[in-house]
Chemist: 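Below: one structure in structure tokens.
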Amino acid sequence: VQLQASGGGLVQAGGSLRLSCVYSGRTFSSYTMAWFRQAPGKEREFVAYISRTGGSTYYADSVKGRFTISRDNAENTVHLQMNSLKPEDTAIYYCAANAFVAVSSTAYKYWGQGTLVTVSS
């Protein structure tokens with residue numbers, strides 16, 4: 001299994017970005033997909049997950065109402081649409097895959113390389 005994240009960049013506060021993560025390997029639809037982030041000097045934290053079929057999503061309180069996770073099982077891709085971005089959203093964003101839903105990073109077996117999101121004030 002390989003995960004390749006992209007879409008990060010520099011954006012002003014209030015702006016939007018869309019992250020993408022392309023999956024390579026065994027059946028994509030067998031995995032829950034999630035996004036985590038890690039800000040400088042801080043621990044990696046959960047952002048959102050989406051179930052294998054896309055029927056269930058869950059968000060961290062800090063991003064609820066601003067971020068939307070989605071997946072396209074035909075394209076082996078998961079997206080994170082980020083709106084109303086704040087400086088505190090600045091972090092490296094990682095996509096991850098796992099056989100079951102979880103919010104703990106230690107539960108996820110497969111990780112992408114990360115993409116940097118910087119939000120200026």
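Below, each value reflects all heavy atoms present in this structure, side chains not excepted, and no hydrogens, waters or symmetry copies. No experiment lies behind these values; they were computed from the predicted model shown. Residue indices begin at 1 and follow the sequence shown.
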Chemist: Would you call the rings of Tyr94 and Trp111 parallel, tilted or perpendicular if under 30° counts as parallel and over 60° as perpendicular?
Modeler: perpendicular
Chemist: Kindly check if the number of other-residue, nucleotide or ligand heavy atoms within 6.0 Å of NZ (Lys64) is above 12?
Modeler: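 Counting neighbours around NZ of Lys64, more than 12 heavy atoms of other residues, nucleotides or ligands fall under 6.0 Å, so yes.
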Chemist: I need the minimum non-hydrogen distance between Val11 and Leu85, along with the two atoms involved.
Modeler: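 It is CG1-CD1, 3.6 Å.
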Chemist: So, taking the atom named CD in Glu45 and the one named OG in Ser105, what distance separates them when rounded to the nearest 0.5 Å?
Modeler: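 One finds 10.5 Å between CD of Glu45 and OG of Ser105.
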Chemist: Would you name the heavy atoms of Phe46 and Val103 that are closest together and state the gap between them?
Modeler: CB-O, 3.3 Å
Chemist: Would you kindly confirm whether Val47 and Tyr108 end up in one hydrophobic cluster when ILVMFWY residues are joined by side chain heavy atoms under 4.5 Å apart?
Modeler: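 No, separate clusters.
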Chemist: Within a strict 4.5 Å, meaning less than it, do heavy atoms of the Met82 and Asp89 side chains meet?
Modeler: no
Chemist: At what distance, to the nearest 0.5 angstrom, does OG1 of Thr106 lie from CZ of Arg44?
Modeler: 11.5 Å
Chemist: Could you tell me whether a side-chain N or O of Thr77 sits under 3.5 Å from a main-chain N or O of Val22, the two making a donor and an acceptor?
Modeler: no
Chemist: Rounded to the nearest 0.5 Å, what's the gap from OG1 on Thr68 to CG on Asn83? Could you check?
Modeler: 6.5 Å
Chemist: Considering non-hydrogen atoms only, spot the tightest contact between Leu17 and Val117 and give its length.
Modeler: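 Closest approach of Leu17 to Val117, heavy atoms only: CD1-CG1, 3.8 Å.
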Chemist: Should Leu116 and Val63 be regarded as members of a common hydrophobic cluster, given that ILVMFWY residues are connected when their side-chain heavy atoms come within less than 4.5 Å of each other, either directly or indirectly?
Modeler: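 Different clusters: Leu116 never reaches Val63 through Ile, Leu, Val, Met, Phe, Trp or Tyr contacts under 4.5 Å.
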Chemist: Shortest non-hydrogen contact from Cys21 to Leu3?
Modeler: SG-CB, 3.9 Å
Chemist: Any link between Phe36 and Leu80 through a network of hydrophobic side chains (Ile, Leu, Val, Met, Phe, Trp, Tyr) touching at under 4.5 Å?
Modeler: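 Each belongs to a different hydrophobic cluster.
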Chemist: At what distance, to the nearest 0.5 angstrom, does CZ of Arg18 lie from OG of Ser6?
Modeler: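 Rounded to the nearest 0.5 Å, the CZ-OG separation comes out at 10.0 Å.
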Chemist: Treating Tyr49 as the side-chain partner and Ser56 as the backbone partner, does any N or O pair qualify as donor plus acceptor under 3.5 Å?
Modeler: no
Chemist: Can you classify the ring geometry of Tyr110 versus Tyr31 as parallel (below 30°), tilted (30 to 60°) or perpendicular (above 60°)?
Modeler: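 Plane angle over 60°, so perpendicular.
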Chemist: Counting only heavy atoms from other residues, nucleotides and ligands, does the tally under 6.0 Å from CD of Glu88 exceed 12?
Modeler: yes
Chemist: For a quick test of reading the model, state the closest non-hydrogen atom pair linking Gly55 to Ser51 and the distance between them.
Modeler: N-OG, 3.3 Å
Chemist: Do Leu19 and Trp35 come within less than 4.5 Å of each other through their side chains, counting heavy atoms only?
Modeler: yes
Chemist: Under 3.5 Å, is there a donor-acceptor pair between the side chain of Arg71 and the main chain of Gly54?
Modeler: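 Side chain of Arg71 to backbone of Gly54: no pair is present.
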Chemist: So, do Arg52 and Ser29 sit near enough that their side-chain heavy atoms are less than 4.5 Å apart?
Modeler: no
Chemist: Search all heavy atoms of Val78 against all heavy atoms of Ser70 and return the closest pair with its distance.
Modeler: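 Answer, listing the atom of Val78 first, then Ser70: CG2-O, 3.1 Å.
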Chemist: Would you find a donor on one side and an acceptor on the other, under 3.5 Å apart, between the side chain of Tyr59 and the backbone of Ile69?
Modeler: yes
Chemist: Has Gln38 got a side-chain atom pairing as donor or acceptor with Ala91's backbone, closer than 3.5 angstrom?
Modeler: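 Pair absent, no side-chain N/O of Gln38 close to backbone of Ala91.
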